[in-house]
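In this text the structure is predicted, and so the values were computed from the model without any measurement. Just so you know, ligand 1 is whichever comes first in the structure, and atom 1 is the first atom listed for that ligand. Just the heavy atoms: all of them, side chains too, but no hydrogens, waters or symmetry mates, feed the values below.
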Amino acid sequence: MCGIVGYSGPQSAVTPLIEGLRHLEYRGYDSAGIALATPSKLFIEKRAGKLINLELALGNSAPIAHSGIGHTRWATHGGPTDRNAHPHVDNEGKLAVIHNGIIENYTQLREELESRGHIFESETDTESVSHLLSDLRKAHGGDLAAAMREAVKSLRGSFTLLAIHADAPEVIVGVRRNSPLVVGLGNGENFLASDVAAFIDYTKRAVELGQDQVVTITPEGISITDLDGNAVTPREYEITWDSSAAQKGGFKHFMLKEIFEQPKAVADTLLGRLSAENKIQMDELNLTTEDIRAIKKIVVLACGTAFHAGMIAKYAIEKWAGIDVEVELASEFRYRDPLVDRNTLVIAISQSGETMDTLMALRHAKSSGARILAICNTNSSTIPRESDAVLYTHAGPEIAVASTKAFLTQIIAVYLIGLHLAQTVGRLTGEEVRELFYEMTELPAKIEQILETVEPLRELTRGFAQSTSVLFLGRHVGFPVALEGALKLKELAYMHAEGFAGGELKHGPIALIENGTPVIAILPFGHEHGLDEKMLSNIQEVKARGARVIVIAQEGANVVGAEHVIRIPSAPALFQPILATVPLQVFAYEMAVTRGNDVDQPRNLAKSVTVE
Ligand code: F6R
């Protein structure tokens with residue numbers, strides 16, 4: 001939800017800023033803009049639309065400046081226009097601000113500032129901060145960091161802000177509350193950004209900023225304080241991944257690359273998790289045997305695709321560990337009166353670790369005494385930092401807006417937690433755990449096998465490009481897979497798509513079937529309740545009403561009534577989502593390409609949703 005970058009150093013700032021924005025464009029692409037601090041004046045260029053519009057507008061016209069700030073926007077307050085694009089300046093045009101998040105009390109601030117003579121140019125909440133900072137900076141004798149500390153005390157909401165002033169061009173001041181900001185420590189140059197991807201080409205040394213901390217960077221160094229001006233000692237860490245991980249590596253789209261990275265992502269997330277004594281190694285959970293035995297209930301909180309991984313957690317953990325699991329949309333959780341207490345383990349699942357709905361839900365659960373365990377793909381992001389423990393997935397950076405490899409690794413993480421809990425409470429023996437773990441280690445090769453044979457599926461998908469609606473059917477763990485297949489198709493192909501539990505079909509959704517409606521059914525397998533037969537009946541029911549049925553089925557399964565069968569390798573029932581999801585990702589990807597959509601940056605979306 002908006003990408004932010006700042007640079008101060010010897011280079012011509014426009015280069016690191018534009019490169020940084022390119023790496024951050026996944027966070028929002030409604031507009032892009034930069035402010036460059038040349039001695040005594042700011043150069044501002046900003047354009048609605050993707051970064052390329054800004055680059056075209058800049059041409060070769062950007063002046064040489066050695067510091068500046070840059071922004072890529074996901075619009076909240078004010079439409080995606082040039083005027084609402086960031087940076088926003090004060091009335092003297094000397095102070096510029098960029099912002100990620102929402103200033104909730106901006107209307108009141110704006111009224112006060114207008115009554116003091118400030119003239120606003122945009123409809124954004126951000127502009128109120130430029131005017132406010134301008135006044136406060138004067139009151140603090142030109143000290144921008146002091147002005148920022150005071151300004152933040154009067155702001156409500158969630159935000160990362162960066163500000164620069166033409167009179168002290170080398171100085172960039174930033175602050176964060178509930179929204180990410182990292183500092184990149186270079187050699188004679190320093191960076192600020194929403195995500196390390198923005199500066200990874202220049203430095204691997206980073207400092208994560210805490211809540212309500214204000215940072216000042218110059219080429220010589222950085223200083224951090226709390227809102228009262230007390231110095232904070234920076235905690236430096238090393239970025240462990242390479243910039244090549246954030247590039248397409250020969251693939252046409254990030255999404256396709258990430259789909260093909262899934263075997264490795266799954267294998268990496270499993271790595272080192274089984275001890276020689278057949279125990280799942282989960283030291284980072286910080287849970288003693290007594291803690292685990294005291295757990296009465298698990299509540300999983302997540303949004304979107306991560307929520308679908310949460311649904312799978314329910315099947316796996318209840319089956320193996322016999323602990324009651326509730327799965328709840330994080331965006332809904334705190335608006336009822338959830339029954340969580342110190343005997344509740346809350347599992348918050350988030351690829352980015354920044355999703356505001358999930359963060360707010362976990363804070364709510366924490367305030368009720370629950371213990372919080374995060375499953376996250378982004379090191380040192382807010383959700384893990386605010387949790388009692390974190391299990392990191394090892395998917396590597398996920399750049400495409402539609403989540404793929406992070407989803408599979410989230411499912412692996414919940415399997416590992418389920419096995420660990422089951423073993424600790426004595427519901428699974430070391431031998432049983434070893435066998436299940438062994439089955440999991442077979443999954444990367446099976447995903448590979450699916451990916452090697454996707455060409456016919458891609459061709460088949462193109463044949464459905466004119467359809468207006470696609471339905472997905474699943475049962476048991478195939479149900480969340482059906483929901484995930486529908487979500488991917490909606491967000492990428494902009495088609496009406498819905499996922500249903502096969503048994504629910506007759507309770508309403510079957511009315512949607514028309515002659516030619518594509519229905520993708522995930523045939524359950526390896527299941528003791530004969531669910532495959534029930535799904536085969538569902539297939540007959542939709543077929544009888546004119547549906548064109550595509551079935552995802554394991555090798556060797558008997559399939560009747562399908563127009564097309566996509567075969568996937570077999571695996572124990574609970575592991576089916578890891579395999580059955582892959583063809584659905586490819587289906588959505590190919591459909592988006594065929595329909596001419598922007599695969600990596602679908603309309604109206606952003607990768608990390610840092611507003612509620
Ligand atoms: C869909 C997708 C979203 C995210 C959701 C949660 O492809 O990516 O539905 O899964 O916004 O994001 P995280 O996992 O970052 O909390």
Check: Partners of Tyr106 by ring-ring contact (aromatic ring centres under 6.0 Å, His included), sequence neighbours excluded?
Finding: His77
Checklist line | Residue list, side chain to side chain contact (heavy atoms under 4.5 Å, CB included) with Ser350, at least two apart or on another chain | finding: Ser352, Thr355, Ile383
Next item on the list: I would like to know whether His23 and Phe199 meet ring-ring contact (aromatic ring centres under 6.0 Å, His included); could you show each step before the answer?
Entry: CA-CA 9 Å; His23 288 300; Phe199 52 71; over 10 Å; no
Next item on the list: Specify whether His71 and His86 have parallel, tilted or perpendicular ring planes, treating 30° as the upper limit for parallel and 60° as the lower limit for perpendicular.
Entry: parallel
Note to self: Any carboxylate oxygen within less than 4.0 angstrom of a Lys/Arg side-chain nitrogen, looking at Glu25 and Lys50?
What the structure shows: no
Next item on the list: Enumerate the atoms of ligand 1 whose separation from the nearest heavy atom of Ala402 is less than 4.0 angstrom.
Entry: 7 (O)
Next item on the list: State the atoms of ligand 1, each with its element, that fall below the 4.0 Å cut-off from a heavy-atom position in Gly304.
Entry: 9 (O)
Check: Considering only the protein, which heavy-atom contact is closest to atom 10 (O) of ligand 1, and what is its distance?
Finding: Thr305 N, 3.1 Å
Item checked: Protein heavy atom at shortest distance from atom 11 (O) of ligand 1 -> Val609 CG2, 4.1 Å
Check: Does even one non-hydrogen atom of Val401 get within less than 4.0 Å of ligand 1?
Finding: yes
Next item on the list: Give a yes/no verdict on whether any heavy atom in Glu354 is under 4.0 Å from an atom of ligand 1.
Entry: no
Margin query: Starting from atom 6 (C) of ligand 1, what is the nearest protein heavy atom, named by residue and atom, and what distance separates them?
Written below: Cys303 O, 3.4 Å
Next item on the list: Mark yes when over 12 heavy atoms from residues, nucleotides or ligands other than Arg342 sit less than 6.0 Å from its CZ; otherwise mark no.
Entry: no
Next item on the list: Return the residue, atom name and 0.1 Å-rounded distance of the protein heavy atom closest to atom 14 (O) of ligand 1.
Entry: Gln351 N, 2.6 Å
Notebook entry, point to check: Which ligand 1 atoms does Ser350 reach within 4.0 Å, using its non-hydrogen atoms?
Noted result: 13 (P), 14 (O), 15 (O), 16 (O)
Margin query: Is it the case that the side chains of Ser179 and Asn100 hold a donor-acceptor pair, with the cut-off being a distance below 3.5 Å and no angle test?
Written below: yes
Notebook entry, point to check: Just which atoms of ligand 1 are under 4.0 Å from any heavy atom in Ala306?
Noted result: 10 (O), 14 (O)
Margin query: I'd like to know if the side chain of Glu484 pairs up with that of Thr305 as donor and acceptor (distance under 3.5 Å, no hydrogens or angles considered).
Written below: yes
Notebook entry, point to check: What is the nearest protein non-hydrogen atom to atom 7 (O) of ligand 1, stated with its residue, atom name and distance?
Noted result: Glu491 OE2, 2.5 Å
Margin query: Suppose we measure from atom 15 (O) of ligand 1 to each protein heavy atom; which comes out shortest, and what is that distance?
Written below: Ser352 OG, 2.7 Å
Check: Under 6.0 Å from the NZ atom of Lys264, do we count more than 12 heavy atoms belonging to anything else shown?
Finding: no
Next item on the list: Consider only side-chain N and O atoms of Glu258 and Gln585, and report whether a donor and an acceptor are under 3.5 Å apart.
Entry: no
Next item on the list: Identify the protein heavy atom lying closest to atom 12 (O) of ligand 1, giving its residue, its atom name and the separation to 0.1 Å.
Entry: Thr355 OG1, 3.4 Å
Margin query: Please check whether Thr358 reaches ligand 1 - meaning an N/O of the residue sits under 3.5 Å from an N/O of the ligand, judged on distance alone.
Written below: no
Notebook entry, point to check: For ligand 1, which atoms, with element, lie under 4.0 Å from some heavy atom of Lys488?
Noted result: 1 (C), 7 (O)
